[in-house]
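Both counts, for ligands and for their atoms, begin at 1 and track the order of listing.
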Amino acid sequence: MIECDKKGTLFVLSGPSGVGKNTLIDQFLKRNPDVHYSISATTRRPRKHEKDGSNYYFLTEEKFKAMLERGEFLEWAEFCNNLYGTPLKPIEKMLNSGIDVVMDIEIQGAKQVKDKLKEAVLVFLIPPSLAELKSRIQNRQTETEQEINARLRQALVEMDVGRMYDYYLVHDNTENTVLELEAIRQAETQKIRRINWDKVIDSLKEGFNA
Ligand code: 5GP
């Protein structure tokens, strides 16, 4: 086995609300059980199917702000009147143990991550069209008409920021998009700057006396 001191890679997935980040990430994690998902904290109310500690840590605003003051978030942002943040400790632990992590966060948070962790890989997920996006949000029946319109306006703002990302994916067919995400992961994993090249050379030389 070649030794290379490889740290985990952080994959930051963003995209407009309703584009299907959860579906994509669920399928991706099923096929790639060695990748861990970063569970965010939020002050948003849970949706019907959501579980505390699995989809999100659902916190009161008071608790969220206390964590913020203690510097316990890698990044955080306000999105559609709710607070969202990524707890720092679990991410550090996983990356240092060589585990790849995927997180689903919006654009302001992604910018903060890239500023702090240059090695993070930013992937932007776009819908096939805005009409399709609206119908996906309507179909999940979790937002009011007013909230849907706010999220669509926000979608256009987010699309503009997409240009600072490293990769984009069009979410039309989940199966294909998962394969594309796997290709991104594969390519990023093979980057020489992510490993200790001297260690690779040393480990190749082991037991070889030329
Ligand atoms: P939702 O309320 O639909 O679950 O998420 C709304 C938005 O918040 C999505 O764009 C999602 O990517 C983003 N989000 C979820 N968790 C975090 C987080 O920890 N930090 C940031 N900055 N955004 C998050």
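Close contacts between ligand 1 and S40 involve ligand atoms 16 (N), 17 (C), 18 (C), 19 (O) [criterion: under 4.0 Å to a heavy atom]. Atom numbering of ligand 1 starts at 1 in the shown order; those under 4.0 Å from a heavy atom of K21 are 9 (C), 10 (O), 11 (C), 12 (O). If you number the atoms of ligand 1 from 1 as listed, the ones under 4.0 Å from a heavy atom of R44 come out as 1 (P), 2 (O), 4 (O). Counting atoms of ligand 1 from 1 in the listed order, those under 4.0 Å from a heavy atom of A77 are 22 (N). In the vicinity of G109, heavy-atom distances shorter than 4.0 Å reach the ligand 1 atoms 22 (N).
Side-chain contact annotation: E75 with T86, donor-acceptor N/O pair under 3.5 Å present. For S14 and Y165, the side-chain atoms include at least one donor-acceptor pair closer than 3.5 Å. When only modelled atom types and interatomic distance are considered, Q186 and Q190 share a side-chain donor-acceptor pair under 3.5 Å.
Ion pair E72/K89 not flagged as a salt bridge, since none of the NZ, NE, NH1 or NH2 atoms sits closer than 4.0 Å to an Asp/Glu carboxylate oxygen.
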Do F64 and Y84 pass the ring pair (Phe, Tyr, Trp, His ring centres under 6.0 Å) test, and can you show the C-alpha distance, the side-chain angles, and the key distance before you say yes or no? CA-CA 9 Å; F64 191 101; Y84 296 83; 8.2 Å; no

Checking side chain to side chain donor-acceptor pair (under 3.5 Å) for the pair Y167/E188: CA distance, chi angles, key distance, verdict? CA-CA 11 Å; Y167 296 94; E188 286 293 332; 2.7 Å; yes

As a quick check of understanding, evaluate side chain to side chain donor-acceptor pair (under 3.5 Å) for S17 and R136, giving each step before the final call. CA-CA 9 Å; S17 175; R136 286 185 196 173; over 6 Å; no

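Residue contacts with ligand 1, taken as heavy atom pairs separated by less than 4.0 Å, do not involve E147 at all. Within the 4.0 Å heavy-atom criterion, neither part of E158 lies near ligand 1. Of all the heavy atoms of M103, none lies under 4.0 Å from any atom of ligand 1, so neither backbone nor side chain is involved. When non-hydrogen atoms are compared, ligand 1 lies under 4.0 Å from the backbone of E106 as well as from its side chain. Using a 4.0 Å cut-off between heavy atoms, E75 contacts ligand 1 through its side chain alone, with no backbone atom that close.
Residue R140 has no nitrogen or oxygen atom sitting less than 3.5 Å from a nitrogen or oxygen atom of ligand 1, judged on distance alone.
Within the structure, the closest approach of G85 to ligand 1 falls below 4.0 Å when heavy atoms are considered. Using a 4.0 Å cutoff on heavy atoms, Q112 does not count as a contact of ligand 1.
Here the CZ atom belonging to F124 is positioned 7.0 Å from the CD1 atom belonging to I107, to the nearest 0.5 angstrom.
For the side-chain hydrogen bond (donor to acceptor under 3.5 Å, both in side chains) criterion with D100, the lone passing option out of R185, H36, K7 is R185.
Compare Y57, F73, Y56 by their heavy atoms: the one nearest to atom 5 (O) of ligand 1 is in Y56.
Nearest to atom 12 (O) of ligand 1 among the protein's heavy atoms is D104 OD1, 2.4 Å. Summary of contacts: the protein heavy atom closest to atom 3 (O) of ligand 1 is R47 NH2, 2.8 Å.
In terms of heavy atoms, C80 sits closest to R151 at SG-CG, 4.0 Å.
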